[in-house]
Amino acid sequence: MRFFALLNLQDVILYIFPTLAFILVFGVGLSYAHWHTKDSKGRLNRITHLYPDGIEDRESPFPLVLVLIIAGILIWAFFYILFIGLMGVKI
């Protein structure tokens, strides 16, 4: 038996929403890897540094998946804290 009925709703938000958001972001990440600009192909092919044993360093664009995941975590955390505050639950 739960002490607070609100915990059931919090569990749904805590477990289901981030899971569905991650599935959506991961699907987008598999279909579209990075922001495409005029210089994207050049940056992917241009070698900026060559390390020993043939390891090549490139200045490739930041992956869109990471941008969406970081933004999603920040948005979810903000609204979760806001929701907890508005419901008047003491943590």
Side-chain angles (χ1 to χ4, degrees):
M1 181 173 159
R2 309 289 305 252
F3 290 116
F4 302 104
L6 185 60
L7 287 176
N8 295 331
L9 180 60
Q10 288 176 348
D11 288 342
V12 169
I13 291 171
L14 183 64
Y15 298 130
I16 292 178
F17 177 69
T19 304
L20 294 175
F22 177 76
I23 290 169
L24 178 70
V25 168
F26 191 69
V28 169
L30 291 177
S31 64
Y32 192 76
H34 60 273
W35 298 107
H36 290 284
T37 60
K38 291 184 241 178
D39 194 27
S40 292
K41 287 187 179 181
R43 289 176 68 188
L44 285 172
N45 295 329
R46 184 174 44 240
I47 299 171
T48 57
H49 191 77
L50 187 62
Y51 293 101
D53 294 332
I55 299 173
E56 302 170 345
D57 185 20
R58 292 184 173 86
E59 198 174 301
S60 58
F62 196 74
L64 179 62
V65 174
L66 292 180
V67 171
L68 292 175
I69 289 174
I70 292 169
I73 288 170
L74 293 175
I75 291 169
W76 176 80
F78 173 75
F79 282 111
Y80 187 75
I81 292 169
L82 184 68
F83 180 73
I84 295 294
L86 290 176
M87 296 301 280
V89 177
K90 294 180 181 175
I91 299 176

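Heavy-atom basis, side chains included; hydrogens, waters and symmetry copies ignored. If you're wondering where the values come from, they're calculated on a predicted model, not measured in any experiment.
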Identify, with sequence neighbours excluded, every residue that meets ring-ring contact (aromatic ring centres under 6.0 Å, His included) alongside Phe79.
none

Partners passing side-chain contact (heavy atoms from CB on, under 4.5 Å) against Tyr15 (at least two apart in sequence or in another chain):
Asp11

Residues in side-chain contact (heavy atoms from CB on, under 4.5 Å) contact with Ile16, at least two apart in sequence or another chain
Val12, Leu20

Sequence-distant partners of Tyr80, side-chain contact (heavy atoms from CB on, under 4.5 Å), two or more places apart:
Gln10, Ile13, Trp76, Ile84

When Ile, Leu, Val, Met, Phe, Trp and Tyr are grouped by side-chain heavy atoms lying under 4.5 Å apart, directly or through other members, which residues fall in the same group as Tyr51?
Ile55

Cluster check Ile81, Ile70: I/L/V/M/F/W/Y, side chain < 4.5 angstrom
no

Listed by chain and number, what are the ring-ring contact (aromatic ring centres under 6.0 Å, His included) partners of Phe78, not counting sequence neighbours?
none

Can you sort out the partners of Ile69 under side-chain contact (heavy atoms from CB on, under 4.5 Å), two or more places apart, ordered by chain and number?
Phe22, Val25, Val65, Ile73

